[in-house]
Every structure is written in structure tokens, then in C-alpha cells.
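Order of appearance sets the numbers: ligands from 1, and atoms from 1 within every ligand. Since we're looking at a predicted model, the values are computed, not measured.
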Amino acid sequence: MSYKVAIDGPSGAGKSTLSRAVAKKLGFIYIDTGALYRAIGLYVYRNGIDADSEKAVASSLSDINIDIKFVDGTQRVFLNGGDVSDDIRIHAVSDYTSKVSAYPAVRAFLLDTQRRLAESDNVIMDGRDIGTVVLPDADVKIFLTASAEDRAERRYKELVEKGQNVDYDTVLHDVIERDDRDMNRAVAPLRAAADAVVADTTGFELEQSQRLLMDIIRERLQ
Ligand code: DC
């Protein structure tokens, strides 16, 4: 018997930081599905493929091989054999990824990979449609959210810490635009599963958010 915890929500809600921390506490494997989509976004970006053309992106999928490996318990993403775990975090790739992740062919391409990754162990998997599409039978489903301003501020700080040259207003604008695209796409739009617990962390420090998630998970896994 293995447990599946699905954590969905908009970008910048702290899903990956919190999921990683909570997985460590529980001894679960953390799987970041955004990294898989980002690897496709990176491929499209690097190869000058028109991200606005569904046809162009869909036909490039046959040239893409994505794999995840765990190195010292940390997830690394491989695109056609090369470790792209750092490159997928560049700001420009986020925009490409948001576009390509709206295409049904891309979502279908990654569905099996995600289910296979969730099979073996106790896992916490984060994404946008884990509770609704990828793992509809997950033992715990959490929809993690926070105000757009809070999320933009976290993302902004993260990017500045990485030495990237961005301004807050641009990041906020991008967050709102991406939310809109993620929530309004025809396939697997971002929404809370009917049986998900909504966790709103607006104004919360990391520790408070972590405690909230731990409480929700512990209560449901009893
Ligand atoms: O979580 P993230 O910011 O790394 O996700 C990057 C993009 O991928 C984001 O625009 C939403 C998309 N995504 C998705 O559509 N489905 C997932 N399961 C994970 C991410």
C-alpha cells in the first residue's frame, strides 16, 4: 500500500518548496511535474519552434525524450539525455511552458510518464491537474493558493536571488497572465478537484504554510 498526495495550484503558491519540505518530513518521494512541462517548453524555446503553433509543438514531441532521475533524493530532469534541471528555471522558459502546456498533445504525452512516476512509492506530486486528471484516486488532494500579489512577490525574490534581472511589476503581470491561461485552457484547466482541500497561504510565512499542509495530510492519512 502506498500513499499518493496530490498538490495543485497556481504558479508561485509555494507548491514546490512546500511539497519538497513536507515530503522530506513524511519520508515520501516528491515529484515536481512542472519540470516535465518545462523541459518541453525549454526544447521549444531552444529550437526556435513557434510556441503559439499547436501543430509545430505537437510535431516536435516525437523528437523529445524526457526522463526524471533522483540524485541524492533530489529530482533531476533530463531532456534527450542532458540534465536541464537548472535551464528549465529561466524566466523566458516559464512563458513558453505555459503556452505549450495548454496543448492536448503535450498533456497526453506527459500523462503516462507522470502516472508511472507515481506508481512505485509513497509520493507527493505537485502540478495543476494532479488531483483532477493524473491521480484522480489520490489519498489526499490539496489545492494550494495565495493572492497574485503574494505569489508574484515570492517569485520576484526567487528570481532576484538567482541573479536574474526582473522587475516586480513584470513578474506580477506574468503571474496574472499565466493564471488566466492556466485556468481558462480547454484541456485540464487549473481548478480544485471537488474533493480537494483548499489551502490559502496569503500572508503566511513558510513555516505556517508547512504546518497547514502537514495537518491536512496527517489528518487524512490516519
Ligand atoms: O509549476 P511550474 O511553475 O514549474 O509549472 C510550469 C508551467 O507548466 C505552468 O505554466 C503550468 C504548467 N503545468 C501544467 O500545466 N500541469 C502540470 N501538472 C504542471 C505544470
Side-chain angles (χ1 to χ4, degrees), residues 4-20 23 30-45 51-52 54 57 61 64 66 68 74-77 79 84-118 123-136 138 141-146 148 150-152 154-159 162 164 166 171-193 196:
K4 313 289 170 222
V5 178
I7 302 193
D8 293 301
S11 58
K15 288 192 304 290
S16 50
T17 310
L18 289 168
S19 302
R20 190 176 295 115
Y30 164 57
I31 300 167
D32 163 17
T33 63
L36 302 169
Y37 285 92
R38 283 173 177 273
I40 295 181
L42 178 68
Y43 182 89
V44 168
Y45 170 70
D52 290 312
E54 178 168 4
V57 173
L61 294 173
I64 301 178
I66 295 172
I68 279 184
T74 303
Q75 172 181 304
R76 308 293 298 180
V77 189
L79 170 63
V84 293
S85 312
D86 298 323
D87 293 353
I88 57 169
R89 302 290 158 199
I90 325 171
H91 190 54
V93 171
S94 303
D95 206 39
Y96 275 74
T97 308
S98 171
K99 287 181 180 170
V100 303
S101 64
Y103 301 143
V106 171
R107 306 206 71 84
F109 180 76
L110 292 177
L111 189 58
D112 282 349
T113 309
Q114 293 174 87
R115 288 193 174 145
R116 182 174 47 78
L117 286 166
V123 297
I124 292 189
M125 187 173 252
D126 89 8
R128 301 295 190 286
D129 61 342
I130 309 304
T132 50
V133 177
V134 180
L135 303 176
K141 297 181 185 179
I142 297 173
F143 192 81
L144 188 69
T145 189
D150 258 38
R151 292 184 286 120
R154 288 177 201 160
R155 188 66 104 197
Y156 171 73
K157 282 187 187 152
E158 218 175 86
L159 291 167
K162 284 180 187 155
Q164 294 191 34
V166 287
V171 176
L172 177 61
H173 175 265
D174 288 356
V175 162
I176 293 170
E177 201 175 73
R178 222 174 315 147
D179 278 0
D180 184 55
R181 210 159 32 212
D182 290 347
M183 287 188 291
N184 294 311
R185 66 184 173 216
V187 182
L190 172 65
R191 64 177 170 82

Looking just at side-chain N and O atoms, do Tyr45 and Asp95 make a donor-acceptor pair shorter than 3.5 Å? no
Within the distance-only criterion (no hydrogens, no angle test), does the side chain of Arg154 pair as donor or acceptor with the backbone N or O of Ala13 below 3.5 angstrom? yes
Under a 3.5 Å cutoff, is there a donor and acceptor pairing between the side chains of Arg181 and Ser98? yes
Is Pro189 close to Arg128 at the side-chain level, that is, under 4.5 Å between some pair of heavy atoms? no
Select all protein residues for which some heavy-atom-to-ligand 1 distance is less than 4.0 Å, and list them by chain and number. Thr33, Gly34, Tyr37, Arg38, Arg89, Thr97, Ser98, Ser101, Arg107, Gly127, Arg128, Asp129, Arg155, Arg178, Asp182, Arg185
Is there side-chain contact between Leu110 and Ile40, with at least one heavy-atom pair below 4.5 Å? yes
Between Tyr96 and Arg38, do the side chains contain an N or O donor and an N or O acceptor separated by less than 3.5 Å? no
